[in-house]
Amino acid sequence: MSISRLACAGRLKSQVALITGASSGIGKGIAMAMADEGALIVVNYIGQADAAREVVGEIERKNTRAIAVEADVSNEGQVRRMFGKAIKEFGTVDILINNAGIQRDAAFDMMTLDDWQNVIDVNLTGAFLCSREAVIEFKRRGVQPEKSLSAGKIIFISSVHQVIPWSNHCNYAASKGGISLLMKSMAQELAPDRIRVNSIAPGAIKTPINKKSWETPEAARSLLKLIPWGRIGDPMDIGAAAVWLASDESDYVHGTTLFVDGGMTLYPGFAAGG
Ligand code: NAD
């Protein structure tokens with residue numbers, strides 16, 4: 001049975017989900033999965049207006065509402081304006097998915113300050129800026145029991161590289177490692193406000209960000225050696241996990257990271273005894 005056929009519609013009914021970087025890849029997958037559950041979607045994007053409009057169109061065909069809002073998540077003013085637009089359109093925001101992310105890969109001694117700074121700015125500072133606006137709104141509104149047991153939910157899209165070191169990707173691994181403790185510290189601080197904070201750590205998911213590692217048969221074969229479950233992930237694998245983590249079914253799950261990685265974090269190199 002496919003993941004989408006397992007979904008039971010309505011788990012996020014009338015809740016507003018703001019998803020950063022939702023015009024492609026995992027963000028788009030989460031937007032579709034949440035729309036299937038009745039959420040209203042804010043599709044954040046940067047520079048891909050046509051793709052964002054298409055995502056909005058696809059969501060509307062699922063009989064829910066969506067808007068596309070362009071904003072650079074690393075820009076404080078743009079993030080504030082994006083939340084302003086979302087709240088003006090839909091009245092509030094209930095769920096934030098910090099998904100926007102980039103890679104600027106380089107050998108450590110060849111890595112420029114720009115390579116370092118851009119990745120930290122988007123992946124870590126961007127998640128901070130969006131989370132801060134979300135928390136301000138969640139605290140203002142409080143719990144609405146007819147919608148959810150929480151005043152709000154924040155889900156970071158981290159990576160297996162919050163725990164697996166990654167040579168030639170030190171900036172990326174540092175940004176995801178940073179997310180791990182940002183998420184936990186926020187979860188500790190915000191529980192009294194009924195704000196639930198968690199992460200999803202994807203393994204290898206077929207999206208534009210990692211095209212080089214699956215687009216040729218040789219690359220895909222080499223990638224599969226790292227995945228005990230024997231397949232590359234699909235954005236809907238992450239969408240299904242995000243729906244559950246945002247719904248009241250996971251009400252007691254707080255401050256944790258859900259690894260959705262086909263076993264990539266199981267040290268597959270040791271499968272034959274090391
Ligand atoms: P992707 O390139 O399709 O998605 C990244 C999205 O972020 C794009 O839509 C991009 O336009 C957007 N974005 C980039 N900079 C932005 C900015 N400044 N402001 C707003 N949006 C911005 O790739 P993806 O794989 O879907 O990546 C989504 C997230 O998943 C990233 O955080 C990535 O690190 C994480 N992730 C992906 C994988 C994987 O295997 N694909 C594995 C682990 C983690």
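Whatever order the structure lists ligands and atoms in, that order sets their numbers, starting from 1. These numbers come from a predicted model, not from an experiment.
- When the ring pair (Phe, Tyr, Trp, His ring centres under 6.0 Å) test is applied to H254, no partner is found at least two apart in sequence or on another chain.
- A salt bridge links D237 to R231: one of the charged nitrogens lies within less than 4.0 Å of a carboxylate oxygen.
- Side-chain polar atoms of S250 and R196 form a donor-acceptor pair below 3.5 angstrom.
- Closer than 4.0 Å to atom 10 (C) of ligand 1 lies none of the heavy atoms of the protein.
- Using a cut-off of 4.0 Å between Lys/Arg side-chain N and Asp/Glu carboxylate O, E137 and R140 are scored as salt-bridged.
- A salt bridge links R11 with E249; the closest basic N to acidic carboxylate O contact falls under 4.0 Å.
- Against a heavy-atom cut-off of under 4.0 Å, S23 is close to the following atoms of ligand 1: 9 (O).
- Which parts of ligand 1 touch Y172 is read off a 4.0 Å heavy-atom cut-off, strictly below it: atoms 33 (C), 34 (O), 35 (C), 36 (N), 43 (C), 44 (C).
- Atom 23 (O) of ligand 1 has its closest protein heavy atom at I209 CB, 3.2 Å.
- Using a non-hydrogen distance threshold of 4.0 Å, S158 registers as a contact of ligand 1.
- Checked by distance only, ligand 1 and A22 stay at 3.5 Å or farther apart across all their nitrogen or oxygen atoms.
- Counting heavy atoms only, P202 comes closest to atom 43 (C) of ligand 1 of the residues G126, S24, P202.
- Given atom 40 (O) of ligand 1, the protein heavy atom at minimum distance is I205 N, 2.7 Å.
- Listed by atom number, the atoms of ligand 1 under 4.0 Å from N44 heavy atoms are 20 (C), 21 (N).
- Backbone and side-chain nitrogen or oxygen atoms of G27 are examined, and none is located within less than 3.5 angstrom of a nitrogen or oxygen of ligand 1.
- A salt bridge is defined here as a Lys NZ or Arg NE, NH1 or NH2 lying under 4.0 Å from an Asp or Glu carboxylate O, and D36 with K62 meets this definition.
- Environment of NZ in K184: sparse, with no more than 12 heavy atoms of neighbouring residues, nucleotides or ligands closer than 6.0 Å.
- In this structure, K206 has no heavy atom closer than 4.0 Å to ligand 1.
- Salt bridge K85/E89: absent, no basic N to carboxylate O contact under 4.0 Å.
- For N123, no heavy-atom contact with ligand 1 is shorter than 4.0 Å.
- Considering backbone and side-chain N/O of N99, one or more are found under 3.5 Å from N/O of ligand 1.
- Salt bridge E37/K13: absent, no basic N to carboxylate O contact under 4.0 Å.
- Of the candidates A52, A71, G21, it is A71 that places a heavy atom closest to atom 20 (C) of ligand 1.
- Among the atoms of S74, none of the N or O lies under 3.5 angstrom from an N or O of ligand 1.
- At least one heavy atom of N210 sits under 4.0 Å from some atom of ligand 1.
- The part of V122 lying near ligand 1 is the side chain, judged by heavy-atom distances below 4.0 Å.
- Geometrically, ligand 1 and V73 share a nitrogen or oxygen pair separated by less than 3.5 Å.
- Contacts of Q48 with ligand 1, taken as heavy-atom pairs under 4.0 Å, involve the side chain alone.
- A salt bridge is absent between K153 and D94: the closest approach of a Lys/Arg side-chain nitrogen to an acidic carboxylate oxygen does not fall below 4.0 angstrom.
- The residue among N118, I179, I26 with a heavy atom at the shortest distance from atom 37 (C) of ligand 1 is I26.
- At a 3.5 angstrom cut-off on N or O pairs, K176 counts as close to ligand 1.
- Not one N or O on the side chain of Q162 forms a donor-acceptor pair closer than 3.5 Å with the backbone of A173.
- Relative orientation of the W166 and H161 rings is parallel, given thresholds of 30° and 60° on the angle between their planes.
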